[in-house]
Every structure is written in C-alpha cells, then in structure tokens.
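Input: a single structure, listed below in structure tokens.
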Amino acid sequence: MPTPPATPYYITTPIYYVNDQPHIGHCYTTIVADAVARFMRLAGHDVFFLTGTDEHGQKVEKSAASRGITPQELADENARHFVTALGYVGATNDDFIRTTEPRHEKQVQRVLSTLIESGDFYLDTFEGWYDEGQEEYVTENQARERDFTAFNGKPLVKATEENYFFRLTKYWDRVREWIEAHPEFVQPDARRNEVLGRLRDESRDVPISRTNFTWGIPVPGNEKHVTYVWIDALLNYMTALGLVDAEAADMDASRHHYWNASGPVVHFIGKEILWFHAVIWPALIMALRDAGRTDLHLPDAVYAHSFWIREGQKMSKTLGNFIDLATIEAYCENFSRDALRWFLLTQGPLGATDADFSHSRFVEVYNADLANGFGNAASRVTNMIVKYFDGQCPDDRGDPTNGDYNWPEITGKMIATATGQMEQLDVAGALRSGLELSNRVDQYINDTKPFKLAKDPDGMPEVGRILYHCVETLRIAAILMLPAIPDASQEFLTRIGIDPTSLSSSSLTWGGVQPGAAITKGEGLFPRADVDAPPPEVSASGS
RNA sequence: GCCGAUAUAGCUCAGCUGGUCUAGAGCGGCGGAUUCAUAACCCGCAGGUCCCUGGUUCGAGUCCAGGUAUCGGCACCA
C-alpha cells in the first residue's frame, strides 16, 4: 500500500520568560503540546514541535543588574533551567529557540524594517501619568482614582515618551471578523467569547518599542529604541522556521513547509497571554501580508488552557506554594514521569476552568488508571501467555472475533475516536479512549475466563485465541496512550515483541503482534501506590 | 466599575436546538462473585430541593426575568 505524503503539523508552546523559574505551568503547557506532537507523529504526520525561551526585556535587565551579571549571562543560566525541565517531563521538541539568537534577532529586525516602511509601525509620542517610584505609567482613570498620587505618596508626573506604535486599529475589525468566521481559531469557546467581547470595545494602537532600557532588539535605523518584548516573542514561531528571512538568519527553506496551507499550525498557550496570541499576533501577520508578504498566513488554532491550583488554593509567590521543578522531580521519582504526565494530561485545565493538583487525587488517578488499569491488564495478559504458552505468543487462528467481541471493529472504532479527539485537541479524551481499550480487555478476560479453559488441554487453542485478542488489543491501547506514558508504553511494546522505535501510522491497525513472538512478563509497569502515604518529600536544595 | 461565564450525586464533570431525564459517567465508598493479575479485575448498589424565586409552555437541569454564590477577562507585566 503506497503511503500518502505525510501532512505537516506544526505545534508550539509559548517561549518561556527567563526571568521566571520553571514551574508546573510551563511543564504543563509543554507536556500537552508534547502529547499532541507524539500522537500526530504516530498518526503519520510530519510534525515540528517548537519551544524555547523569551530572553529580552526590562525585567531580565534589572534582575541581571541586581545580581551583578550581564543580561545574557542571566538568560543563559535560566534557559538551561528550562532545558532541564524539558528533560524531566520528556519533551520531544524538534528545536529550542532563544530570542537572543542571531537567527531570531535578524529576522525580527527584518519585520520591523518591513512594517516601518509600510507605515503600520510608526513613531509617535505617548503622554501619560507616570509613577516615578514604580517606574510605570498609569491610565487616566487610575490616576484620577488615586487622586494623581504615586505609590510612594508623591504626585504623579505628566511624562511623554517617544515610541513606535503598531497600527492595531487598522486590523481590529479584520481580526474580529476572522475570529467570528473561524470558531476553531481561538479555543476553548469561553476564551473566544472573551476575546470577541474585548474586540467590541474601542480599538487602540499599541506601543511596540521602549527607550528606557536597552536589553532588547534595537529598532533598525533608530537604535535608542528596543523592540517591545511581545513583538519580539511572538515572532519566534516564524523565525524558528526561517520564514521571515531564511537567508538573513543563515537558514534554508527546509522548514518552510511547516507553515503553509497544507497542515495545521497550532499554538498552545496559557490563558494569561491570550490577547497577544489571539489579536496582536494575527494582526501582525495581516500587517505583514499587507506589506507584501502574502505567503504568510494565520495560524489555525490558538488554544489557551487555564491554570493549575494546588490543594484548592491559587499558587502565588506570596504563598510560596508553586509546584516547582523540585516538586515535579519528586513526583517523577516517587511515581514515575509517566505518572506525572498522565495525571497532568487527563486531569489538567484544558478547558476554561482551573484544575486542582491535589496529592490524594493524584494517587487515586494513578492507581485507578495506571496501576489497576493498564498496568494490571498488561500484567495479567503477559503472565498468562508466559504461564500457558511458555512465553510464545499464541495466535487467534485467523478469527479476531469471539461472540459479541469483534476486535478489529472495537479497536478500529477506538482508534478513530481517539484520532478525532486529538485532532480536536481533546487530549484527555483521546487518552481515555486508549485506556478504555485496556478496560475492555479486562472485561473480556472476565467474560471468557481463559484461566479456566486452560485447565483442560482441549481448551488450549481457545485460550490462545483469546490471549492473542488480548495482547493485540493492549498493543493498540499502549500506542494510543504512548503520548502520555511513553516510558511504560515502550517498555510494554518491547515485552510483547514490538520495536517501539519503528512505530508508524500502520501500527494503528489490527494484527501487529506476531504469533510466535517471545513475550515476557517483567516487573509491574505501575506498582500500586499507597493512598495514605504522605506527598513526596522535596529536597531542600531544590530551587 | 465594565464585559462574560458557571452553579447537576462525597469528588471531577456529561447533559447540543425543551418531552425515552421516573436525572447520567468516571473516581471514591458499600455489597457480591472470582483467581490469570499489582488486596487488582468483573458484576451490582448512588435515591442527588439539577443554587433560590417567579415566569413562558400541554410539558423545563434544558428557555426568560430577578436574586444569591463562585470564577474569569479588561490593568501597557512579561
């Protein structure tokens, strides 16, 4: 069967701000995008999965100064923390872009030149009430509320600043119309409504350069201005592909196909940065198109997930209850990386409401889904094959059905369901579909009782048939769950004679397990966890 | 303040355009059966004022109004 050319699939996380320490929020976004990327690769797509770090801005400049190091040193140091975090959670990103890299900076400058020339970026003076203590502008309304007094009690001053502005007003209606016409562009729906609501207000142009600090990309031709971090940051999605100007970035065109009309472009983000991705970003692309770059088009989906809270409480700096890297590491060590990924992916805040990271819930889900669910099913099936067939995979004698069970049909439907769910970015749903297949195997064993049939030598052919149905179904379940639990899934596949490094879209059809293959039992994939045990200890050295 | 959303079993949630909802799933809990398996799995059990009040309708978790509660977005902070 000739394989059709692989459809590209481009998926991104936000680039993470290096002034922060990595925490569960970053890890969650990364894991979700990673799971989608892994699934789409299995489904036969030509996937490009991008993440990286956002390294410019006043905060970085200040933090570095306060520590007596250069901003670049600070960025280097913290970018390493994010790379470490990617390793913890098992991210399979194809590239890691940093906004201080020349390939990025050169292309951003190219965008600036283009849009300054087209007139959508223009120089103007901004006048407003400035709080000299806080070093920030306050809006006219806020100023009035505070009686024109700064935080430190001194009066606010009327300050003027020269800025480049982006003519957002020109694109305001077009962006709104685009979002209205493309319901899948901003997801989930509740977030889309928020954006549309705000787009019904009056539009304003937005400043896109700063002059009060220097750690940023200089505006070409007017170097006392540095590019506002958000413009800088958003463009990473294109610069990593060399889409703006491959030559200037010393890149080639080999990644350009990831962002054209033939495959989806999906941005996974947290809800706090929705506005930039849902409005500023498409407007920016429209501006580039108006400036002649008609080859560039809008992304297909911006998916804004909500936040994790911890044991019912919001995570905050003042409470100091962030689930930081040390805690994440502790969970990985106590339960396994797969366990963490499974919990985050199936219980996470993909919808519009926040989700709770509660330890007791974590253990419940771990036991129910992984230990008692897939792990136990894998264990009982491999054990019976070892016990009754000396570890040699039996065959189903050409009949993959048994009474009401039509396994090619059952698994085929579930594969289709999971694929559809994943395409809709319903990651939790897709994973549950895989788990459901494993549950069906448990039910099947209880229905057909191969362990009873095995007591009579004449029953062995039937036992073999049943067990083949079981391993084969579990193979498919393992592949469907692989995006969440790659380690255990690959371990299981290896035990049943499947090479996990050579999976392809054809792996998702009935009949992958070879009769006669050596099957091993091995240790339990997910040992049952003690519900009453306290949460894992976090070593004090963690930062 | 402005705009928006949600309120359903102990927990997390499904219930689209009103009538197989005398209200469902998963988890937890309880009981039973079973032994291939990780005290696992399988089967059965949940009697919840569907937030409150009023309204529309032959008929409302499902529509409308008001109320209450919770939450989110809007602050040039990336």
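Note that the coordinates shown come from a computational prediction; the quantities given were computed from them, not determined experimentally. So you know, we letter chains A, B, ... as the sequences are listed, proteins then strands, and number each from 1.
Spacing between B:G15 and B:A23 at atom C1', rounded to whole Å, works out to 9 Å. B:G1 and B:G10 have their C1' atoms separated by 39 Å, given to the nearest Å. Rounded to whole Å, the P atom of B:G24 lies 37 Å from the corresponding atom of B:C36. Taking the C1' atom of each, B:C50 and B:A14 are spaced 13 Å apart, rounded to whole Å. Between B:C45 and B:G26, the two P atoms lie 11 Å apart (nearest whole Å). Nucleotides B:A37 and B:G48 are separated by 36 Å at their C1' atoms, to the nearest Å.
With B:C41, B:A37, B:U34 as the choices, the nucleotide that has an atom nearest any side-chain atom of A:F451 turns out to be B:U34. The side chain of A:R361 has B:G26 as its nearest neighbour among B:G72, B:G26, B:A78. Distances were taken from every side-chain heavy atom of A:E194 (C-beta onward) to each of B:G72, B:C36, B:A37; the shortest belongs to B:G72. Picking from B:C43, B:U38, B:C27 the nucleotide with the shortest atom distance to the side chain of A:Q443 gives B:C43. In this structure, of B:G72, B:C42, B:A78, it is B:A78 that holds the atom nearest to the side chain of A:V229. The side chain of A:R198 sits closest to B:C74 out of B:C74, B:G72, B:C27. Proximity note for A:T353 (side chain, C-beta onward) versus B:U35, B:C13, B:A78: the nearest is B:C13. If you check B:C41, B:C36, B:G73 against the side chain of A:M384, the one that comes closest is B:C36.
Separating the CG atom of A:N439 from the P atom of B:A25 is a distance of 15 Å, rounded to the nearest angstrom. Atom NZ of A:K271 and atom P of B:A5 are 16 Å apart (whole Å). Taking atom CG of A:L474 as the reference point, atom P of B:C36 lies 18 Å away to the nearest angstrom. A:D356 has its CG atom 14 Å from the P atom of B:C71, to the nearest Å. With rounding to whole Å, A:L370 atom CG is found 14 Å from B:A40 atom C1'.
A syn orientation is assigned to B:G61, its glycosidic angle lying within 90° of 0.
Between B:A78 and A:Y16, no contact under 4.0 Å exists linking OP1 or OP2 to a side-chain N or O.
Side-chain N/O atoms of A:N383 and base N/O atoms of B:C36 include no donor-acceptor pair closer than 3.5 Å.
No more than 12 heavy atoms of other residues, nucleotides or ligands lie within 6.0 Å of CG in A:D390, so this atom counts as exposed by the packing criterion.
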